[in-house]
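Reviewing the structure listed below.
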Amino acid sequence: MNEHVSLSVPADEPPARQNERTNSRKVFIKTYGCQMNVYDSGRMTDALAGDGYVATEEMGEADLILLNTCHIREKASDKVYSALGRLRDMKKARAAEGKELMIGVTGCVAQAEGEEILRRAPAVDVVIGPQTYHRLPEALKRARAGNRVVDTEYAVEDKFEHLPVTEKAKIRARGVTAFLTVQEGCDKFCTFCVVPYTRGSEVSRPVQQILDEARRLVDAGVREITLLGQNVNAWRSEGEKGEWSLGDLLYRLAEIPGLARLRYTTSHPRDMDDKLIEAHRDLRALMPYLHLPVQSGSDRILKAMNRRHTAAEYLRLVERIRTVRPDIAMSGDFIVGFPGETDQDFEDTLRIVEDVHYAQAFSFKYSTRPGTPGADLSDQVPEDVKAERLERLQALLLKQQADFAKSCVGKVIDLLLEKPGRMPGQVIGRSPWLQSVNVDAKTSQIGDIVKVRIIGTGPNSLFAEPAESLIGP
Ligand code: SAH
Ligand code: SF4
Ligand code: F3S
């Protein structure tokens, strides 16, 4: 999971139909944070559909603006308050025209700060946590009647049971790849992290609910599903024969006809069980890409972070996975400058990166988060030291990323065609290793898996030419 995903939910209907329904209200959702927030934004749109809301990509034409927020680092939270400042002016201008503009804050900042948001940002009408967004329509009704609402309880009911299923047309508009949240919350309590406080304890969605949702996605044309969870591989539920772990679920999902590709994120090294590793060996649909954050290569720091494994254990795990799936691309998250991190500890992090060879990675300066145990530690690392370490680490990770991309040149791969490219006649697809690949193809082929030969690399994507015949859909 990373903080770089920041996209608004695409309009759910083609413009022609939106114009026909001039009476409908429009919602604009700005999504910050991880993929789980992206999924939640989609489901919030579903929740609001019953009240006549359609999603818009134009903030200026929205009657309701939701900021679906992230609390993971200080910068992420700060963004929310600066955005709310701008929205206050917009709301005033709208009121002067006698028009309504409602503003809501959802997601992890909502959960963490609750009432405080209403106090600091008078323009906000509703504050709703990640566990209660199925109650959005009700909260908006109360706010319209003059009562600003904060709803950050951990709901006793299962929100998924209360959300309307996503309409087929909406799934289609969202594309041929989809996220499916299977697990929420975290019980790991890494000492730097707010997630256990903002998302609560680990909860797994039941098998049947997941299978139903997956089938609905596939019926609407989805070819690739990414299972999501703050600790997705901690997912456990009652299956057909006793308790299932994520590996069992993947075997079952791989049987769904038409579902070509499966991925899952984010995993904790402690929860990579044998079944999940076997799934990487056996399932053709399970893509050879694994995001397995290690955070640090120093045992001392790993202990202080409460990661509950050593660097050597992590390396052994990567080796086991590579033994069963040699072409797997590894991805990771790193934090530099955790309190007490010495030059030697940092060198250990560089060493583990050298040992693993990451195809992709996200790295961050440690950010002190209120309420986490890390915030109370006295030996905080100075900003300039953090900045220098981050620069060195990122240079190494970028080099590995470029090396991996170069190693793909000349290979013939299966490419899932996803969306139109920037140039006419071009389509962007995903490689098995999650790279964006540009290729000449027709937009009518979107959703197909085609054989292409990688012929070059760009800064953030690869270039390919068609090779041989089509396979799929
Ligand atoms: N559940 C996932 C991570 C969720 S948060 C896991 O356990 O790996 C995504 C990433 O943000 C983390 O992996 C970590 O690298 C980073 N992160 C979390 N808290 C942070 C903090 N206080 N400062 C800097 N980076 C942080
Ligand atoms: Fe945060 Fe650690 Fe839980 Fe990941 S495992 S969400 S880093 S507490
Ligand atoms: Fe951010 Fe919450 Fe995701 S804190 S990373 S949006 S779980």
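All values derive from a computational prediction rather than experimental measurement. Order of appearance sets the numbers: ligands from 1, and atoms from 1 within every ligand.
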Within the 3.5 Å criterion, strictly below it, is a donor on [X] or [Y] matched to an acceptor on the partner's side chain?
| X | Y | result |
| --- | --- | --- |
| Ser367 | Glu74 | no |
| Asn37 | Thr31 | no |
| His71 | Ser77 | yes |
| Asn68 | Ser41 | yes |

Measure from NZ or CZ of [X] to the centre of the six-membered ring of [Y] and say whether it is under 6.0 Å with the direction within 45° of the ring axis.
| X | Y | value |
| --- | --- | --- |
| Arg120 | Tyr81 | yes |
| Lys275 | Tyr251 | yes |
| Lys26 | Phe28 | no |

- Assign the ring pair His162 / His134 to parallel, tilted or perpendicular, where the plane angle (0 to 90°) is split at 30° and 60°.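 His162 and His134: tilted rings.
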- Task: May I ask you to decide if the ring planes of Tyr39 and Phe160 are parallel, tilted or perpendicular, using 30° and 60° as cut-offs?
- Result: tilted
Taking only heavy atoms of [X], which atoms of ligand 3 are found under 4.0 Å from at least one of them?
| X | answer |
| --- | --- |
| Asn37 | 6 (S) |
| Cys108 | 2 (Fe), 4 (S), 6 (S), 7 (S) |
| Gln230 | 7 (S) |

- Message: If we set the cut-off at 4.0 Å for heavy atoms, which region of Met36 has an atom near ligand 3: side chain, backbone, both, or neither?
- Response: neither
- Item | Member of Ile225, Ile210, Leu228 meeting the side-chain contact (heavy atoms from CB on, under 4.5 Å) criterion with Val182 | Ile210
- Item | Region of Ser367 engaging ligand 1 - heavy atom pairs below 4.0 Å |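 Looking at Ser367 and ligand 1, atoms from backbone and side chain both fall under 4.0 Å.
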- Could you tell me whether Phe364 approaches ligand 1 through its side chain, its backbone, both or neither, with non-hydrogen atoms closer than 4.0 Å? side chain
Can you find an N or O of [X] that's nearer than 3.5 Å to an N or O of ligand 1?
| X | result |
| --- | --- |
| Asp333 | yes |
| Ile335 | no |
| Thr266 | no |
| Gln295 | yes |

With atoms numbered from 1 as shown, which atoms in ligand 1 lie under 4.0 angstrom from a non-hydrogen atom of [X]?
| X | value |
| --- | --- |
| Pro293 | 8 (O) |
| Tyr366 | 23 (N), 24 (C) |
| Arg369 | 22 (N) |

- Query: Of all the heavy atoms in Val195, does at least one lie under 4.0 Å from an atom in ligand 1?
  - Reply: no
- State if Lys365 counts as touching ligand 1 under the rule of any non-hydrogen atom under 4.0 Å. yes
- Query: Which of the listed options, Cys34, Gly33, Pro130, holds the heavy atom that is closest to atom 3 (Fe) of ligand 3?
  - Reply: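 It is Cys34 whose heavy atom sits nearest to atom 3 (Fe) of ligand 3.
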- Message: My understanding is that we take every heavy atom of each candidate and find the minimum distance to atom 7 (O) of ligand 1. Doing that for Gln230, Glu74, Met305, Arg307, which one comes out nearest?
- Response: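 Residue with the shortest heavy-atom distance to the ligand atom: Arg307.
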Rounded distance (nearest 0.5 Å) linking atom [atom1] of [X] with atom [atom2] of [Y]:
| X | Y | atom1 | atom2 | answer |
| --- | --- | --- | --- | --- |
| Leu253 | Leu227 | CG | CG | 6.0 Å |
| Gln131 | Arg199 | CD | CZ | 7.0 Å |
| His268 | Asn231 | NE2 | CG | 6.5 Å |

- Message: So, at under 2.8 Å, which protein N, O or S atoms would a careful student list around atom 2 (Fe) of ligand 2?
- Response: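 Result, waters dropped: Cys190 SG.
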- Query: Strictly under 2.8 Å, is any N, O or S atom of Cys70 next to atom 2 (Fe) of ligand 3?
  - Reply: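 No N, O or S atom of Cys70 is closer than 2.8 Å to atom 2 (Fe) of ligand 3, so no.
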- Message: Is the distance from the ring center of His280 to that of Tyr264 below 6.0 Å?
- Response: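 Between His280 and Tyr264, the centre distance is under 6.0 Å.
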- Message: Tell me if the centroids of the rings in Phe334 and Phe346 come within less than 6.0 Å of each other.
- Response: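 Between Phe346 and Phe334, which both carry aromatic rings, the centre distance is not below 6.0 Å.
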